[in-house]
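Notes follow the structure.
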2 protein chains.
Amino acid sequence: MHLRIEFSYNFAIMNNNDLEQLLQDHGIKATANRLIILKALMNSSRPITMQDLTDEIESIDKSNVFRTLSTFREHGLVHVIEACDEGVMYELYRSDSNGPHNDIHPHFHCVVCHKVFCLKGVTVPKLNYPEGFDILEGSFLVNGICPECKA
Amino acid sequence: MHLRIEFSYNFAIMNNNDLEQLLQDHGIKATANRLIILKALMNSSRPITMQDLTDEIESIDKSNVFRTLSTFREHGLVHVIEACDEGVMYELYRSDSNGPHNDIHPHFHCVVCHKVFCLKGVTVPKLNYPEGFDILEGSFLVNGICPECKA
DNA sequence: ATCATTCTGCAACCGGATTGCAAACTCAAG
DNA sequence: CTTGAGTTTGCAATCCGGTTGCAGAATGAT
């Protein structure tokens, strides 16, 4: 397990070379498949499931998607969100939002369309935990109805 | 799905009659098996998995445990916690702590012993959600190391 | 006692996560 | 280039927790 290192990338303007660099910066060898999966993660504004990924990328076997996501996770490139009914979802760490060093990752789960949104603007204040509990990281998930489904 | 009704029970001193009453208060017919499962839930100071329950109660088939937990859930007697690696966990609603009308249920997941604790004393302040997101309920899970495992 | 309803155990099923393995690929050294 | 060790990949099989179908048992009102 690698320690996460803080980089500052502008994901919007990344080309293939930048993506290879991103992988290498995290100690991951860049392969064609990994670049495809990385791109898919990057293009998604929301956390997505392994299912979503394997559906979207027909050319890569699900076992490889699984192992790639595990690798990305081990190397601190993505993190997982446990989203109730939707199962585990994967999301790229983005330099401008959350990382392992931010305690809190607020997410919104729409009970209608089942999408999960990253609530980037919302910060969760420090809580006063009981004595003796060492906090590593927190995750915060709210269920509700998203603007699209409400309309 | 029943609306949850607020009762005030003293779980510590409940006998069999009280337990039957508790079930009936929630619109659930009291059967021998359901009382056993209810007791097990009540005796657990922490949320537990279906696996835990079926292991603990050898006399009841897992399908019945499953259906009983579903029934309890539908009738607002227990709620579920999605605890990352541990899968879903079940916990009795206790009159003195959380219920569907409390937005937030903070829980602590120990990454060493894999237990999940209910952080009763900790309240999560209201957050300022973005426009358009209708909040139904939130869940808050922190990962870390519990006092026992730290020692 | 009778009968409709509900509950229960068993066995089977399901689907997502995970793994074993052999082939394909990578890349540095000869 | 060729070789060979190490890594990655696809396929198929497996695992496992959750879930369901069904027939027999228990329940409770009449």
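Within every chain, numbering begins at 1; the chains are lettered A, B, ... in the order of the sequence lines, protein sequences first and strands thereafter. Both backbone and side-chain heavy atoms feed into the values below; hydrogens, waters and symmetry mates do not.
- For the pair B/D52 (side chain) and B/T49 (backbone), a donor-acceptor distance under 3.5 Å is present.
- A/T31 comes within 4.0 angstrom of sugar-phosphate atoms only, judged by non-hydrogen atoms across all strands, and of no base.
- Nearer the 5' end of DNA chain D, as judged by each residue's closest nucleotide, is the contact made by A/K29, out of B/S63 and A/K29.
- A donor-acceptor contact shorter than 3.5 Å links the side chain of A/H75 to the backbone of A/H26.
- To the nearest angstrom, P of D/dT27 lies 13 Å from CG of B/N64.
- Between A/R34 atom CZ and C/dT26 atom C1' there is a gap of 11 Å when expressed in whole angstrom units.
- The side chain of A/M50 approaches C/dA17 more closely than any other nucleotide in the set C/dC10, D/dT9, C/dA17.
- In this model, the phosphate group of D/dG10 is approached by a side-chain N or O of A/N33 to a distance below 4.0 Å at OP1 or OP2.
- For the pair A/E74 CD and D/dT8 P, the computed distance is 11 Å after rounding to whole Å.
- Using a 4.0 Å cut-off, no side-chain N or O of B/R67 falls inside it from OP1 or OP2 of C/dC7.
- Judged by distance alone, with hydrogens and angles left aside, the side-chain atoms of A/R34 form a donor-acceptor pair with the main-chain N or O of A/K29 at under 3.5 Å.
- The CG atom of B/L23 sits 11 Å away from the P atom of C/dC7 (whole-angstrom rounding).
- In this structure, A/D61 and B/T68 both approach DNA chain C, and ranking their closest nucleotides by distance from the 5' end singles out B/T68.
- Under 3.5 Å, the side chain of B/K62 and the base of D/dG18 form at least one donor-acceptor pair of N or O atoms.
- Looking at heavy-atom distances under 4.0 Å, A/S59 makes contact with sugar-phosphate atoms alone, never a base.
- Rounded to an integer number of Å, the gap from A/L53 CG to D/dT9 C1' is 17 Å.
- In this structure, A/I57 atom CD1 and D/dG10 atom C1' are separated by 15 Å, rounded to whole Å.
- One atom, CD1 of A/I28, and another, P of C/dT26, lie 18 Å apart when rounded to the nearest Å.
- Checked against A/L23 for a side chain to side chain contact (heavy atoms under 4.5 Å, CB included), the options A/T71, A/L35, A/D18 give a single hit: A/L35.
- With B/N33 as the partner, the side chain to side chain contact (heavy atoms under 4.5 Å, CB included) test is satisfied by one option alone out of B/I57, B/D61, B/N64, B/L38: B/N64.
- Atom pair B/I60:CD1 and C/dT8:P shows a separation of 8 Å (rounding to whole Å applied).
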